[in-house]
Amino acid sequence: MNYLSTRGGAFPSSGDGEACFLDILLEGLAPDGGLAMPESYPRITSEMLDAWRFLSYAELAFEVVRRFVTDIPLADLRGIVMKTYTPETFGSDDITPMTSLSAFAPGLELLHLSNGPTLAFKDLAMQLLGNLFEYALAKSGRPLNIVGATSGDTGSAAEYAMRGKRGIRVFMLSPRGRMSAFQTAQMFSLSDANIHNLAIDGVFDDCQDIVKAVSADVAFKHAHAIGTVNSINWARVVAQVVYYVRGYILATGGNDERVSFTVPSGNFGNICAGHVARMMGLPIDRLVCATNENDVLDEFFRTGVYRVRPSDETHATSSPSMDISKASNFERFVFDLVGRDPVALKTLWREVDEDGRLDLSASPLFAEVSGRYGFASGQCSHAERIAVIREVERTTGAVIDPHTAVAVKVAREHASDGVPMVVLETAQPAKFGETIREALGRDPALPAGFEDLLTRDQRFTTLAADVGAVEAYIAART
Ligand SMILES: *Cc1c(COP(=O)(O)O)cnc(C)c1O
């Protein structure tokens with residue numbers, strides 16, 4: 001399997017000029033600014049789905065992932081996948097169990113993706129990434145120093161995936177005093193020597209600006225083997241395809257039945273994996289993109305206009321992991337939409353770069369977004385999240401987190417008779433105590449193993465919001 005850039009340029013390649021999985025694994029953007037895409041989508045047939053019904057999650061993950069990876073020996077890849085998706089790491093044999101919400105709305109199912117070490121769905125991809133990175137770096141003999149910025153979920157998922165990994169160090173910047181107590185404790189209580197928590201005197205945007213400046217400092221980047229683990233990493237998308245297949249299998253009895261999915265969306269990474277699964281032939285009816293008050297994506301799916309928001313128009317909400325102003329994986333879908341023509345893609349993206357918007361409302365392509373590609377969308381406000389958390393608890397007894405609540409609310413609006421609607425649960429309520437207290441008047445239960453989290457010793461270094469200070473810290477430790 002070879003990989004292309006959405007903008008038509010080449011990736012640095014270790015072999016004959018073609019970029020394979022390992023060539024793009026550690027890359028962020030392609031040198032031309034595009035994102036990695038497979039040159040074609042491998043097929044999922046109904047025979048495969050019938051056979052895959054009987055596999056464990058890890059075995060299913062191997063079947064899906066191996067179709068995208070041709071440059072890791074299959075026995076090695078199998079070992080990497082099998083050691084990733086274990087009941088020890090993900091809390092149950094099912095890895096992603098499914099429960100019914102039919103008492104709340106007919107046909108709704110909840111696929112639980114947040115039983116990993118940091119209680120958010122990002123663990124499912126990040127844990128695989130950690131094991132793939134360790135393998136790739138051992139082969140090349142090179143180290144990797146990951147520098148990232150987090151407002152909460154991504155940073156902890158990355159740290160728990162990379163802790164104790166040979167050849168990898170993590171330098172994670174977070175805005176000092178601005179993460180929730182739970183998120184802070186999760187990250188700062190790690191004692192692994194390869195994990196460095198940098199509490200920056202500033203806001204999230206300051207952290208992100210510093211990471212961008214460090215990545216743009218080419219001499220520093222090369223001297224210190226700097227890399228990132230952001231949401232555009234292709235291996236993360238591939239790992240996420242697996243649970244769409246799993247959700248399909250759990251929601252159907254076989255025989256080409258169709259299933260719809262509703263996905264709480266921010267950077268379009270999660271739902272992009274649903275799009276890939278659908279392109280591979282998984283019988284997905286509708287892919288419903290659910291947003292909070294930051295509705296860049298909902299606006300596009302409703303109107304055909306994609307309008308990047310300036311940061312002062314980005315609302316801080318009670319579903320913070322979806323507070324984005326620009327959906328970094330969206331370019332992958334647009335690449336397919338324009339028939340995988342990099343020239344057409346670049347023409348559209350020039351509009352985004354210059355005017356901050358892209359207008360397909362008058363284009364025949366816009367009809368294909370919902371027609372051929374099956375997308376739909378909706379949004380959910382804070383008051384609606386509170387109401388849905390209450391109603392789900394009253395009707396089913398389940399407590400859902402505010403991100404999942406966004407999707408549950410939107411899913412009910414898009415449910416149709418006879419087609420199961422699978423809602424992706426992206427985080428556990430324990431991470432968002434304040435909102436759960438507002439909705440239910442009590443604290444969320446702490447999952448097993450987290451009871452003493454808030455009282456564990458914390459380890460972090462406070463630094464000024466200054467690129468030089470961060471580079472000096474990294475340089476002294478690499
Ligand atoms: C990251 C995240 C999202 C958004 O996922 P995208 O892939 O960015 O669309 C939704 N919910 C939670 C809890 C998250 O951590």
Side-chain angles (χ1 to χ4, degrees), residues 35 96 110-127 129 148-161 179-180 182-183 186-187 204 208 229-241 243-244 261-277 287-298 300-301 314 317-333 375 377-380 385 389 400-411 423-433 435-436 444:
L35 277 63
T96 60
L110 195 57
L111 187 65
H112 297 262
L113 305 180
S114 61
N115 295 326
T118 73
L119 309 181
F121 87 101
K122 291 190 173 73
D123 288 328
L124 280 161
M126 208 69 92
Q127 288 285 322
L129 204 61
T150 187
S151 56
D153 283 346
T154 311
S156 55
E159 290 189 354
Y160 280 75
M179 293 188 293
S180 77
F182 191 94
Q183 288 171 322
Q186 259 187 321
M187 287 178 50
F204 173 68
Q208 190 140 34
V229 276
N230 41 29
S231 78
I232 56 166
N233 184 289
W234 172 252
R236 286 179 64 182
V237 176
V238 173
Q240 292 170 180
V241 171
Y243 54 70
Y244 283 87
F261 287 89
T262 302
V263 187
S265 295
N267 263 321
F268 205 73
N270 197 351
I271 199 167
C272 181
H275 165 70
V276 171
L287 277 171
V288 185
C289 177
T291 71
N292 64 20
E293 292 86 335
N294 297 293
D295 60 350
V296 190
L297 290 167
D298 177 46
F300 172 76
F301 289 114
T314 309
T317 76
S318 53
S319 43
S321 299
M322 295 158 66
D323 293 348
I324 58 101
S325 45
K326 184 170 181 262
S328 43
N329 278 287
F330 190 55
E331 182 169 335
R332 290 198 156 107
F333 167 63
F375 278 98
S377 73
Q379 62 172 292
C380 173
R385 285 192 283 284
I389 292 169
I400 56 172
D401 98 288
H403 302 79
T404 309
V406 168
V408 169
K409 184 259 179 186
V410 172
V423 178
L424 301 188
E425 184 229 51
T426 54
Q428 298 239 357
K431 292 188 97 163
F432 303 98
T435 306
I436 300 302

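These values consider heavy atoms only, across backbone and side chains, with no hydrogens, waters or symmetry-generated copies. When a ligand or atom number is given, it counts from 1 through the structure's own listing order.
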Quick one: side-chain contact (heavy atoms from CB on, under 4.5 Å) partners of Ala327, sequence neighbours excluded?
-> Phe268, Leu297, Tyr306, Ile324, Phe330
Minimum heavy-atom distance Leu111-Thr96, with the two atoms named = CD1-O, 3.4 Å
By ring pair (Phe, Tyr, Trp, His ring centres under 6.0 Å), Phe121 pairs with (sequence neighbours left out) none
Kindly write out the residues that satisfy ring pair (Phe, Tyr, Trp, His ring centres under 6.0 Å) with Tyr243, not counting sequence neighbours, or none if the list is empty.
-> none
List, ordered by chain and residue number, the protein residues whose closest non-hydrogen atom lies under 4.0 Å from any atom of ligand 1.
-> Phe121, Lys122, Asp153, Pro264, Ser265, Gly266, Asn267, Phe268, Gly269, Asn270, Ser321, Met322, His403, Thr426, Ala427
Examine the side chains of Ser114 and Glu425 and answer whether a donor and an acceptor come within less than 3.5 Å of each other.
-> yes
Could you state the interatomic distance from CG (Asn292) to CE (Met322), rounded to the nearest 0.5 Å?
-> 5.0 Å
